**Student:** 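I'd like to ask some things about the structure below.
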Protein chains: 2
Amino acid sequence: MVVTQEPAHRGARARTRAAIVDAAFAQLALDPSATLGTIADAAGVGRTTLHRYFPERSDLLDALLEHAGHRLEEATRCARPEDGTARSAVVRLSQEYLELGDLLTVIFSGTIDATCIPDPDGQDPILALVRKGHADGSIDPELTDDWVLGIVWSQLYNAWEILRGRQVSRHDVVRQLVRTIDKAIAA
Amino acid sequence: MVVTQEPAHRGARARTRAAIVDAAFAQLALDPSATLGTIADAAGVGRTTLHRYFPERSDLLDALLEHAGHRLEEATRCARPEDGTARSAVVRLSQEYLELGDLLTVIFSGTIDATCIPDPDGQDPILALVRKGHADGSIDPELTDDWVLGIVWSQLYNAWEILRGRQVSRHDVVRQLVRTIDKAIAA
DNA sequence: CCACAGTGGAACATGCATGTTCCACTGTGG
DNA sequence: CCACAGTGGAACATGCATGTTCCACTGTGG
């Protein structure tokens, strides 16, 4: 019975790879110029092993980009962007994205270029919602699409920074994030 | 007639120094790990000259910190933080700070540590205003001091990014910045 | 016109991150 | 128990940013 390509070592390789990717997000969120050695240490693997999975730094960054793309897609799906007013969808989307944690910081800091993450639909899901919100009148017409997009991302960044820095309850941060974005973009 | 310590070369030295500091803000805003060579080029001086003014990278960063402190103080003074409600003062302060340009990006990105910039009064002027706003009821009591502070900084960062990236009128950006912060922090 | 401040290029030492190669070790599936 | 995938350390080459030294050049104030 043929299962997959690499029946035996698939588990180990996948686990090591995931550990490196996770550690990379964590370390690059702390410092965008984090060393490969630092990342390897954080992942609990040798630097040699890291290079075995990602021969060059850019290969690792590519992997982060791809991983980020999947996570964003998934989060977008969870937020059910089609339901209710566009404004309420933007708020729901923000909550989902907050779950992405360090990934937000890495995207926002420009360490990986999120504009290279095309949705399956081919465009930024938040931007699409903002346009819809301007059309259906649920989002402040005095604010441009770009500006509203910026509000969402910068508040997400802000929320995550507060969440990981000080000892604040996740619940309080989510409440304030939702409240802030909703107030700011409301028509 | 004794004027100052260095009558002749004061002008030249001061000008070169200022050019380096300005270029450093510009380049570090583009990339926090910008090379000293890049900064020297941008300043239109040789790398040797840069090292003559700032023997080590950290000396340059120290100078940026000090310069930022003065600019922030000046901007704070211009905003007349004592006038009107604390909320209106926060909005005025934001407008003044936006004038600081790349300095905002450099502070916000953590390239220089702004928490090391103590006001003459010994504390962050925005934070002081936020506390006052919570006391006088002009700022949303559902949002913590830290959160409101974060809103202001992240929106300033956002505003400056939009202003320097795309070709948008300063006027439109200021209008949206003021509107966004005012709406978000209003009680 | 001369002295001197200010400058920039060339050449160098140094440290450090990156990337590679090789080898010994470990654990697990057959 | 054996074969082999997976691993990590050691040792090395390389590139690049940093920091230093030295010297020739420029411009300006006296």
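These numbers come from the heavy atoms of this one structure, side chains and all, not from hydrogens, waters or symmetry mates. Note that the structure is a prediction, hence the values are computed from the model and not measured.
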**Student:** Is any side-chain heavy atom of B:W147 closer than 4.5 Å to a side-chain heavy atom of A:V173?
**Tutor:** yes

**Student:** Which listed nucleotide (D:dG19, C:dG19, D:dG8) is nearest to the side chain of B:L36?
**Tutor:**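 Closest nucleotide among those given: D:dG19.
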
**Student:** Please determine, for the side chain of B:R52, which listed nucleotide (C:dT7, C:dG6, D:dT18) has the closest atom?
**Tutor:** C:dT7

**Student:** Mapping B:E56 and A:V45 to their closest nucleotides on DNA chain D, which lands nearer the 5' end?
**Tutor:** A:V45

**Student:** Nearest-nucleotide wise, let me know which of B:G44 and A:A34 is further upstream toward the 5' end of DNA chain C.
**Tutor:** B:G44

**Student:** Nearest-Å distance, CZ (B:R57) to P (D:dT20)?
**Tutor:**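 Atom CZ in B:R57 sits about 15 Å away from atom P in D:dT20.
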
**Student:** For the side chain of B:R47 and the base of D:dG19, is some donor closer than 3.5 Å to an acceptor across the two?
**Tutor:** yes

**Student:** In whole angstrom, what separates A:Q27's CD from C:dA17's C1'?
**Tutor:** 15 Å

**Student:** Does B:S94 reach the side chain of B:V178, with side-chain heavy atoms less than 4.5 Å apart?
**Tutor:**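 Result no, sub-4.5 Å side-chain heavy-atom pair not found.
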
**Student:** Taking CG from B:L28 and C1' from D:dA17, how many angstroms apart are they, rounded to a whole number?
**Tutor:** 14 Å

**Student:** Rounded to the nearest Å, what distance is computed from the CG atom of residue B:D41 to the C1' atom of nucleotide D:dA17?
**Tutor:** 13 Å

**Student:** Within the 3.5 Å criterion, strictly below it, is a donor on A:D146 or A:T144 matched to an acceptor on the partner's side chain?
**Tutor:**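 Their side chains do not contain a donor-acceptor pair, so the 3.5 Å distance test is not met.
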
**Student:** Rounded to the Å, how far apart are A:I20 CD1 and D:dG8 P?
**Tutor:**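 Answer to the nearest Å: 9 Å.
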
**Student:** For the residue pair A:F108 and A:W153, does the interplanar ring angle fall in the parallel (under 30°), tilted (30 to 60°) or perpendicular (over 60°) class?
**Tutor:** parallel

**Student:** Counting side-chain heavy atoms from C-beta on, which of D:dT18, C:dT20, C:dG8 comes nearest to A:P55?
**Tutor:**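 Of the candidates, C:dT20 comes closest.
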
**Student:** Does either side chain, that of B:W160 or that of B:D102, offer a donor lying less than 3.5 Å from an acceptor on the other one?
**Tutor:**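 Checked: B:W160/B:D102 side chains pair up, N/O donor to acceptor below 3.5 Å.
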
**Student:** Measure CG/A:L60 against C1'/C:dG19 and give the value in whole Å, please.
**Tutor:**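 Distance check: A:L60 CG to C:dG19 C1' gives 14 Å.
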
**Student:** Distance check: side-chain N/O of B:Y53 vs OP1/OP2 of C:dT7, anything under 4.0 Å?
**Tutor:** yes

**Student:** Taking Watson-Crick (N1-N3 plus N6-O4 or O6-N4) and G-U wobble (N1-O2, O6-N3), each under 3.5 Å, can you produce the dot-bracket string of DNA chain C? Use [ ] for crossing pairs and | for inter-strand ones.
**Tutor:** ||||||||||||||||||||||||||||||

**Student:** If I take atom CZ in residue B:R13 and atom P in nucleotide C:dC4, what distance separates them, rounded to the nearest angstrom?
**Tutor:** 17 Å

**Student:** Side-chain N or O of B:T48 less than 4.0 angstrom from OP1 or OP2 on C:dG9?
**Tutor:** no

**Student:** If you compare all heavy atoms of B:I151 against all heavy atoms of A:N158, which two are closest, and at what distance to 0.1 Å?
**Tutor:**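 B:I151 and A:N158 have their closest heavy atoms at N-ND2, 3.7 Å.
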
**Student:** Of all the choices, C:dG8, D:dT20, C:dG6, which nucleotide is nearest to the side chain of B:T49 once you look at every atom?
**Tutor:**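 The nucleotide sitting nearest to the side chain is C:dG8.
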
**Student:** Taking the side chain as every heavy atom from C-beta outward, state whether A:I39 and A:F25 have any atom pair closer than 4.5 Å.
**Tutor:**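 Heavy-atom side-chain distance check fails, nothing below 4.5 Å.
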
**Student:** So for atom CZ, which belongs to A:R80, do other residues, nucleotides or ligands contribute more than 12 heavy atoms lying within a distance under 6.0 Å?
**Tutor:** no

**Student:** Starting from P on D:dG27, measure out to CZ on B:R15 and report it in whole angstrom.
**Tutor:** 14 Å

**Student:** Taking the side chain of B:H51 as its heavy atoms from C-beta onward, which of C:dT18, D:dT18, D:dG6 lies nearest to it?
**Tutor:**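 Between C:dT18, D:dT18, D:dG6, the one nearest the side chain of B:H51 would be D:dT18.
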
